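Start at 1 and go down the list; that is how both ligands and their atoms are numbered. Please read all numbers here as calculations on a predicted model, not as lab measurements.
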Amino acid sequence: MEIKVMKNILNSNQDKANEIKDYLKEKKVLMVNLIGSPGAGKTTLLEKTLEHLKGKYSIAIIEGDVATDRDARRLQKYGCPIVLINTDGACHLESISIQNALHEFDIDSVDIIFVENVGNLVCPAEFDIGEFSKIAVLSVTEGDDKPEKYPLLFREAKLLLLNKVDLMQFTDFDKESFSKDVQTLNGQLPVIELACRNNEGIEPWINWLEEQVTKIKG
Ligand SMILES: Nc1nc2c(ncn2[C@@H]2O[C@H](COP(=O)(O)OP(=O)(O)OP(=O)(O)O)[C@@H](O)[C@H]2O)c(=O)[nH]1
Ligand SMILES: [Mg+2]
């Protein structure tokens with residue numbers, strides 16, 4: 001009985017996600033879904049990204065958090081439209097909330113939508129929200145074993161951002177073992193090393209985003 005209910009939820013989530021995908025394709029909008037553990041650096045990444053892309057693209061943000069508007073407030077100063085979704089305990093965003101959030105934007109004038117999913121390595125990877133790509137954000141302080149222990153995200157992601165490399169020297173993070181595991185899970189997955197807080201590695205990430213925008217705009 002329980003399994004049947006879950007399947008229905010997943011089916012209806014996927015139907016809505018497909019509608020969103022078609023809609024954003026028609027509007028030529030890039031929507032990326034940032035997924036990572038609490039504290040991996042998703043909001044810091046957004047802060048640096050918005051600083052870099054200011055004036056170049058029209059950007060909108062969907063900020064997912066279990067509680068509080070703390071992250072949304074951190075991003076407010078960049079002047080982009082932001083919709084905050086407080087999930088009240090749920091560990092991921094679903095496509096129905098994303099669809100409602102999209103109505104709040106003047107979509108014809110938007111180039112990129114960044115979704116910061118709820119901090120969690122597991123559930124957000126299971127729920128398609130109609131994004132163009134899932135982006136895994138992992139920080140070195142979480143350990144090199146995370147891809148092997150939480151494989152779905154790393155299989156689904158189109159890009160892996162390895163953040164906080166400035167702290168690598170203080171950890172036992174084994175880059176060789178990490179790279180081998182990532183390669184085994186998803187041989188196509190590009191990895192960009194970053195230290196968001198110090199702006200290190202931001203350029204390759206910005207270049208990746210610009211390539212995707214070009215692909216979408218045709
Ligand atoms: N040393 C270092 N610290 C970083 C880096 N990036 C982010 N941080 C710090 O890590 C902490 C968490 O960063 P956030 O950006 O809030 O993390 P988050 O993934 O948005 O967290 P949630 O929204 O709670 O899931 C903050 O204190 C950041 O300053 C980095 O590259 N190096
Ligand atoms: Mg955050």
Side-chain angles (χ1 to χ4, degrees), residues 31-54 59-94 97-98 101 112-127 129 131 133-144 146-147 149-150 152-154 156-173 175 178 190-209:
M31 182 165 86
V32 295
N33 182 5
L34 300 174
I35 302 177
S37 302
K42 299 177 293 299
T43 311
T44 310
L45 174 75
L46 281 177
E47 289 172 322
K48 301 300 175 179
T49 305
L50 294 177
E51 271 167 29
H52 273 74
L53 295 180
K54 205 168 36 188
I59 294 171
I61 311 276
I62 299 175
E63 180 57 56
D65 263 311
V66 170
T68 82
D69 61 354
R70 291 181 69 127
D71 284 1
R73 278 192 285 117
R74 280 169 66 184
L75 299 172
Q76 224 169 9
K77 61 175 174 288
Y78 300 99
C80 308
I82 304 178
V83 173
L84 168 66
I85 302 172
N86 276 144
T87 61
D88 266 341
C91 55
H92 62 272
L93 293 174
E94 289 180 18
S97 318
I98 299 295
I112 307 175
I113 299 171
F114 291 104
V115 179
E116 178 177 345
N117 216 312
V118 177
N120 187 329
L121 271 183
V122 185
C123 312
E126 290 169 14
F127 285 78
I129 54 165
E131 72 280 269
S133 39
K134 291 184 175 61
I135 296 178
V137 183
L138 181 76
S139 53
V140 298
T141 46
E142 293 166 60
D144 54 58
K146 294 303 169 287
K149 290 181 71 178
Y150 303 92
L152 183 64
L153 173 60
F154 300 89
E156 292 278 320
K158 294 284 182 294
L159 177 68
L160 168 53
L161 299 175
L162 181 63
N163 191 31
K164 306 195 189 180
V165 294
D166 56 312
L167 300 178
M168 185 92 82
Q169 58 181 312
F170 306 110
T171 71
D172 58 358
F173 191 95
K175 219 162 85 179
F178 164 81
V191 181
I192 294 176
E193 294 185 19
L194 284 167
C196 288
R197 202 156 70 177
N198 315 333
N199 278 313
E200 272 172 54
I202 291 288
E203 276 318 314
W205 153 241
I206 297 290
N207 291 343
W208 184 90
L209 276 172

Does L93 offer a backbone N or O that forms a donor-acceptor pair with the side chain of N117 under 3.5 Å? yes
Angle subtended at the Mg ion (ligand 2) by OD2 of D71 and OG1 of T43, nearest 10°: 90°
F178/L138 under side-chain contact (heavy atoms from CB on, under 4.5 Å): CA gap, chis, key distance, verdict: CA-CA 11 Å; F178 164 81; L138 181 76; 3.7 Å; yes
State whether any protein heavy atom lies less than 4.0 Å from atom 12 (C) of ligand 1. yes
Taking only non-hydrogen atoms of A195 and a 4.0 Å limit, the atoms of ligand 1 in range are 31 (O)
Among all protein non-hydrogen atoms, which one is nearest to atom 7 (C) of ligand 1, and what is the separation to 0.1 Å? T44 OG1, 3.4 Å
How does V118 reach ligand 1, if at all, at less than 4.0 Å between non-hydrogen atoms: by side chain, backbone, both, or neither? neither
I'd like to check L46 versus E116 (side-chain heavy atoms, cut-off strictly below 4.5 Å). Are they in contact? yes
Please state which option from L34, N198, D71, T68 has its nearest heavy atom closest to atom 23 (O) of ligand 1. D71
Between K48, E63, K164, which one has a non-hydrogen atom sitting closest to atom 9 (C) of ligand 1? K164
Relative to the heavy atoms of L167, which atoms of ligand 1 are at a distance of less than 4.0 Å? 1 (N)
Any idea how F127 and H92 line up, ring-wise: parallel (<30°), tilted (30 to 60°), or perpendicular (>60°)? parallel
Could you walk me through whether E63 and D65 satisfy the side-chain contact (heavy atoms from CB on, under 4.5 Å) test, starting with their C-alpha distance in whole Å, then the side-chain angles of each, then the deciding distance to 0.1 Å, before giving a yes or no? CA-CA 7 Å; E63 180 57 56; D65 263 311; 3.3 Å; yes
Atom 27 (O) of ligand 1: of R70, K42, R74, R197, the nearest heavy atom sits on R197
Using side chain to side chain contact (heavy atoms under 4.5 Å, CB included) as the criterion, point out the one residue from L167, L162, T141 that pairs with F173. L162
Out of N163, T43, D65, L162, the nearest non-hydrogen contact to atom 6 (N) of ligand 1 is supplied by N163
Whether A40 lies under 4.0 Å from ligand 1, heavy atom: yes
For K175, does its backbone N or O pair with a side-chain atom of D144 as donor and acceptor, under 3.5 Å? no
Within the structure, is a non-hydrogen atom of E116 found at a distance of less than 4.0 Å from ligand 1? yes
Can you establish whether the number of heavy atoms outside R74 located under 6.0 Å from its atom CZ is more than 12? yes
Which option wins on minimum heavy-atom distance to atom 22 (P) of ligand 1: G39, G119, S37? G39
For atom 17 (O) of ligand 1, the closest protein heavy atom turns out to be G41 N, 3.2 Å
Would you mind checking if E142 and K164 are paired as a salt bridge, meaning a charged N to carboxylate O distance below 4.0 Å? no
Considering only heavy atoms, does L194 approach ligand 1 within less than 4.0 Å through its side chain, its backbone, both, or neither? neither
Minimum-distance N/O/S atom that E116 presents toward the Mg ion (ligand 2): OE2
Here the atoms of ligand 1 under 4.0 Å from any heavy atom belonging to D166 are 1 (N), 2 (C), 30 (C), 31 (O), 32 (N)
Could you identify the single nearest non-hydrogen protein atom to atom 31 (O) of ligand 1 and state the distance to 0.1 Å? C196 N, 2.9 Å
Supply the atom-to-atom distance L45 CG to C196 SG, rounded to the nearest 0.5 angstrom. 4.5 Å
Would you mind checking if K134 and E131 are paired as a salt bridge, meaning a charged N to carboxylate O distance below 4.0 Å? yes
